Participant: 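What follows is a single structure, and I will ask about it in a moment.
Being a predicted model, the structure only gives us computed values, none of them experimental. Just so we're on the same page: letters track the sequence lines, and every chain starts at 1.
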Amino acid sequence: MGPLIPQEIITGQWDFVIALLIGASFGFILEASGFSSSRNIAGVFYGYNFVVLRVFFTAMIVAMVGLMYFSYFGWIDIDLVFVLPTYLNSMLLGGFIMGLGFVIGGFCPGTSYTAVAIGKIDGIFFAVGTFVGIFIFAEAFPLFEDFYTANDLGPITIGEMLGVSNQIVAFVFSIIAIVAFYVTWLIEKRVRKGMTEYKFE
Amino acid sequence: MNTKSDTKQQPRYINPYFGGILLGLLLLATFYIAGRGLSATGAVKLSVTKIVETVAPAHAEANPYYSKFLPEDGGSIMFNWLVFGAIGTLFGGMLSGVIYGRMKKFRVEHSPKISARTRLIAAAAGGILFGIGSQFGRGCSSGAALSGTAAFSFGGLLVMGLMFGVGYVFAYFFRKLWI
């Protein structure tokens, strides 16, 4: 049955209406979870607020397990779902740079849009920064074009890489997430005790 | 920040696990409908390409990166799934901000230990790094780390691990910005 658009079950201008609705839901959930505040987000690095980890990991395991069930029930052709290809060198560097950006800027691009939406000027500066960053990247691109595509592993999955099925991967991730939820809850309680600068709900 | 009247106006957020379930279901629905996940920087990439193409069309065409995204049939770059998604994200954030009473006049949110100016410089620097990093990483937190990993991409997992890992490694050096 699914995915609908790649199989042309939905076509034409509906694409954009759907994109708008999906985007709006995305923005709503991010803002409602508290991601329009960089101080909430950065808490994950200092132990005073693990909201990022909770939302992110819960979303990931729900989607992972959901995809496996959809595939099992025959609701979705898993082979048509886009698996982000792996370019080893480039993605390692990209992850590194984004990690730095994360702890310095306190947002990621999606969350910065929701900060812009509710009037945070720091969100605007971050969002404008992403434009500048991409401009710099594109202008300098000829310098590292080879690096960008080096070590191309193609659309390889975690399961293929580790030699297990993706059902096992989803299961292990779920266990890791639950342990992480508990451990970070303990850490958060301790860190908050010693903190006087901020009020938490 | 610490006064009693402010405590009453503490922002109300939804339960993070509930938020996570909603986000996970949205991601699953997106996979089901579009065959691919959520994206945030894709729209910025296309917008930058559009701006450069408008200002210097020959330069955009000659550049090996911009030229990847220039439509062959002469249509508009901006008439794209990713762009509509990003516009939606902005409106969705606004809607939530209005409902929960966080939509206020323009302000800078920062730790009491740093000035607004420092916060703005850090925010812009973080944005620039994310702009550059997301291109190397084939997506940002949304496209690579979350959607990539959820669709079992090994590269997505790499990006996610590094993004958080490097954040922790460097957190000590930037602690003054936050705590």
Participant: Could you check which of A/Ala140, A/Ser25, A/Ser90, A/Gly2 has the highest count of heavy-atom pairs closer than 4.5 Å to chain B?
Facilitator: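 Maximum pair count with chain B is reached by A/Ser90.
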Participant: Among residues at least two apart in sequence or on other chains, which ones pass side-chain hydrogen bond (donor to acceptor under 3.5 Å, both in side chains) with A/Thr149?
Facilitator: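 So A/Thr149 forms no side-chain hydrogen bond (donor to acceptor under 3.5 Å, both in side chains) with any residue.
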Participant: Against chain A, label B/Ile21 side chain, backbone, both or neither, depending on which of its atoms sit under 4.5 Å from a heavy atom there.
Facilitator: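 When you check distances to chain A, atoms from both the backbone and side chain of B/Ile21 fall under 4.5 Å.
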Participant: So which residue, A/Phe137, A/Phe96, A/Tyr87, A/Phe107, ends up with the most heavy-atom pairs under 4.5 Å with chain B?
Facilitator: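 When all of A/Phe137, A/Phe96, A/Tyr87, A/Phe107 are compared, A/Phe137 has the most.
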Participant: Need one label for A/Thr111: side chain, backbone, both or neither, based on atoms under 4.5 Å from any heavy atom in chain B.
Facilitator: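 Neither part; nothing is under 4.5 Å.
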Participant: Using non-hydrogen atoms only, which part of A/Leu100 is less than 4.5 Å away from chain B: side chain, backbone, both, or neither?
Facilitator: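 Both backbone and side chain.
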Participant: Checking B/Arg175 against B/Tyr172: charged group under 6.0 Å from the ring centre and within 45 degrees of the axis?
Facilitator: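 Yes, B/Arg175 lies over the aromatic ring of B/Tyr172.
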Participant: Are A/Leu84 and A/Met91 packed together at the side-chain level, in the sense that at least one heavy-atom pair is separated by less than 4.5 angstrom?
Facilitator: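 Contact flag for A/Leu84/A/Met91 side chains = yes.
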Participant: Identify which part of B/Leu25 has an atom lying under 4.5 Å from any heavy atom of chain A, answering side chain, backbone, both or neither.
Facilitator: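 Backbone plus side chain of B/Leu25, per the 4.5 Å heavy-atom cut-off to chain A.
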Participant: For A/Phe131 versus B/Ser47, what's the shortest heavy-atom pair and its separation?
Facilitator: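 Minimum heavy-atom separation between A/Phe131 and B/Ser47: CE2-CB, 3.6 Å.
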Participant: Please flag which part of B/Ala29 lies under 4.5 Å from any non-hydrogen atom of chain A: side chain, backbone, both or neither.
Facilitator: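 Neither; nothing under 4.5 Å.
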Participant: If you tally heavy-atom pairs under 4.5 Å against chain B, which of A/Thr114, A/Val62, A/Thr130, A/Ile76 wins?
Facilitator: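 Going by pairs under 4.5 Å, I would pick A/Thr130.
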Participant: Counting only heavy atoms closer than 4.5 Å, note whether A/Met161 contacts chain B via side chain, backbone, both or neither.
Facilitator: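 The answer is the side chain of A/Met161.
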Participant: Select one option (side chain, backbone, both, neither) describing which atoms of B/Asn80 are under 4.5 Å from chain A's heavy atoms.
Facilitator: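 Only the backbone of B/Asn80 comes within 4.5 Å of chain A.
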Participant: Please report the closest heavy-atom contact between B/Leu177 and B/Ile114, naming both atoms and the distance.
Facilitator: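 That would be O-CD1, 3.6 Å.
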Participant: Highest number of heavy-atom pairs under 4.5 Å with chain A: which of B/Phe31, B/Phe91, B/Tyr100?
Facilitator: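 Most heavy-atom pairs within the cutoff with chain A belong to B/Phe31.
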Participant: Report yes if some heavy atom in the side chain of B/Trp81 is under 4.5 Å from a heavy atom in the side chain of A/Ile18; otherwise report no.
Facilitator: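 The answer is yes; the side chains approach within 4.5 Å.
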Participant: Taking every non-hydrogen pair under 4.5 Å, which of A/Leu53, A/Leu92, A/Val128 racks up the most with chain B?
Facilitator: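 Between A/Leu53, A/Leu92, A/Val128, the count favours A/Leu92.
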Participant: Against chain A, label B/Leu120 side chain, backbone, both or neither, depending on which of its atoms sit under 4.5 Å from a heavy atom there.
Facilitator: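 When you check distances to chain A, atoms from both the backbone and side chain of B/Leu120 fall under 4.5 Å.
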Participant: If you look at every heavy atom in A/Glu31 and A/Ser36, which pair is closest and at what distance?
Facilitator: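 Nearest pair, atom of A/Glu31 first, then A/Ser36: OE2-OG, 2.8 Å.
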Participant: For A/Phe56, which residues count as a ring pair (Phe, Tyr, Trp, His ring centres under 6.0 Å) partner, sequence neighbours excluded?
Facilitator: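 By the ring pair (Phe, Tyr, Trp, His ring centres under 6.0 Å) rule, A/Phe56 matches B/Phe164.
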Participant: Under a 4.5 Å heavy-atom cut-off, does chain A meet the side chain of B/Val52, its backbone, both or neither?
Facilitator: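 The side chain, not the backbone.
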Participant: Is it the backbone or the side chain of A/Phe181 that comes under 4.5 Å from a heavy atom of chain B, or both, or neither?
Facilitator: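 Contact with chain B involves both backbone and side-chain atoms of A/Phe181.
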Participant: Do the rings of A/Tyr48 and A/Tyr46 sit parallel, tilted or perpendicular, given the 30° and 60° boundaries?
Facilitator: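 Ring orientation of A/Tyr48 relative to A/Tyr46: parallel.
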Participant: Which atoms of A/Val17 are under 4.5 Å from chain B, going by heavy atoms: the side chain, the backbone, both sets, or neither?
Facilitator: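 No part of A/Val17 comes within 4.5 Å of chain B.
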Participant: Measure the shortest side-chain to side-chain distance between B/Pro64 and A/Glu145 over non-hydrogen atoms and say whether it is less than 4.5 angstrom.
Facilitator: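 They are in side-chain contact.
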Participant: Tell me, for B/Phe79 versus chain A, whether the close heavy atoms (under 4.5 Å) come from the side chain, the backbone, both or neither.
Facilitator: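 Interface part for B/Phe79: both.
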Participant: Could you tell me whether A/Lys193 and A/Glu188 have a side-chain N and a carboxylate O separated by less than 4.0 Å?
Facilitator: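 Looking at A/Lys193 and A/Glu188, the cut-off is not met.
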Participant: Would you mind telling me which of A/Pro142, A/Pro6, A/Pro155 has the largest number of heavy-atom pairs within less than 4.5 Å of chain B?
Facilitator: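 Going by pairs under 4.5 Å, I would pick A/Pro6.
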Participant: Which bit of A/Ser112 comes within less than 4.5 Å of chain B, counting heavy atoms only: side chain, backbone, both or neither?
Facilitator: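 Looking at A/Ser112, nothing touches chain B.
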Participant: Heavy-atom pairs under 4.5 Å with chain A are the metric here; pick the option from B/Gly143, B/Ala150, B/Gly156 that has the most.
Facilitator: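 Max contact count across the listed options: B/Ala150.
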Participant: If you look at every heavy atom in A/Ala117 and B/Met103, which pair is closest and at what distance?
Facilitator: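 That would be O-SD, 3.1 Å.
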Participant: Does some side-chain heavy atom of B/Leu158 sit less than 4.5 Å from a side-chain heavy atom of B/Met163?
Facilitator: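 No, side chains not in contact.
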Participant: Which heavy atom of B/Phe130 sits nearest a heavy atom of A/Pro109, and at what distance?
Facilitator: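 So the two residues come closest at CD2-CD, 3.4 Å.
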Participant: Taking side chain as everything from C-beta outward and backbone as N, CA, C, O, which of these in B/Tyr66 sits under 4.5 Å from a heavy atom of chain A? Side chain, backbone, both or neither.
Facilitator: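 For B/Tyr66, side-chain heavy atoms alone lie under 4.5 Å from chain A.
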Participant: Quick check for you: among A/Phe35, A/Phe70, A/Phe173, A/Phe45, which has the greatest number of heavy-atom pairs under 4.5 Å with chain B?
Facilitator: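 The option with the most such pairs is A/Phe45.
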Participant: Please flag which part of A/Asn40 lies under 4.5 Å from any non-hydrogen atom of chain B: side chain, backbone, both or neither.
Facilitator: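 The side chain, not the backbone.
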Participant: Below 4.5 Å, heavy-atom pairs only: which of B/Ala86, B/Gly24, B/Ala145, B/Ser96 has the largest tally toward chain A?
Facilitator: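 Maximum pair count with chain A is reached by B/Ser96.
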Participant: Within the structure provided, determine whether A/Ile118 and A/Lys120 are in side-chain contact (heavy-atom separation under 4.5 Å).
Facilitator: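 A/Ile118 reaches A/Lys120 side chain to side chain.
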Participant: Can you say whether B/Leu82 sits under 4.5 Å from chain A via the side chain, the backbone, both, or neither, judging by heavy atoms?
Facilitator: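 Looking at B/Leu82, nothing touches chain A.
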Participant: Check this for me: does any side-chain nitrogen of one of B/Glu109 and B/Arg119 sit under 4.0 Å from a carboxylate oxygen of the other?
Facilitator: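 Looking at B/Arg119 together with B/Glu109, the answer is no, because their closest N to O distance does not fall below 4.0 Å.
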Participant: Flag the pair A/Met60 / A/Phe57 as yes when at least one side-chain heavy-atom distance between them is below 4.5 Å, and no otherwise.
Facilitator: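 Yes, side chains in contact.
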Participant: Among B/Phe152, B/Phe174, B/Phe154, B/Phe170, single out the residue with the greatest number of heavy-atom pairs under 4.5 Å to chain A.
Facilitator: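 If we count pairs closer than 4.5 Å to chain A, B/Phe152 comes out on top.
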Participant: So what's closer than 4.5 Å to chain A heavy atoms on B/Lys176: side chain, backbone, both or neither?
Facilitator: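 For B/Lys176, there is no contact with chain A at all, as no heavy atom is under 4.5 Å.
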Participant: Does NZ or CZ of A/Lys189 fall inside the cone over A/Trp185's six-membered ring, less than 6.0 Å from its centre and within 45° of the axis?
Facilitator: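 Relative to the ring axis of A/Trp185, which defines the angle, A/Lys189 lies inside both limits.
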Participant: Only pairs of heavy atoms separated by less than 4.5 Å count here; which of B/Ser153, B/Ala34, B/Gly155 has the most with chain A?
Facilitator: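 Sorted descending by pairs with chain A, the first entry is B/Ser153.
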Participant: Below 4.5 Å, heavy-atom pairs only: which of B/Val166, B/Leu129, B/Ile132, B/Thr89 has the largest tally toward chain A?
Facilitator: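 The option with the most such pairs is B/Thr89.
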Participant: Are B/Ile99 and A/Phe28 side-chain neighbours, meaning at least one heavy-atom pair lies under 4.5 Å?
Facilitator: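 Answer yes - side chains close enough.
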Participant: Check whether B/Ala144 gets within reach of chain A through its side chain, its backbone, both or neither, counting any heavy atom under 4.5 Å.
Facilitator: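 Contact with chain A is through both the backbone and side chain of B/Ala144.
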Participant: Let me know if A/Phe141 has heavy atoms under 4.5 Å from chain B in its side chain, its backbone, both or neither.
Facilitator: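 Answer is side chain: those atoms of A/Phe141 sit under 4.5 Å from chain B.
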Participant: Checking B/Leu146 against chain A: side chain, backbone, both or neither under 4.5 Å from a heavy atom?
Facilitator: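 Both parts, backbone and side chain.
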Participant: Check whether A/Glu139 gets within reach of chain B through its side chain, its backbone, both or neither, counting any heavy atom under 4.5 Å.
Facilitator: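 Backbone plus side chain of A/Glu139, per the 4.5 Å heavy-atom cut-off to chain B.
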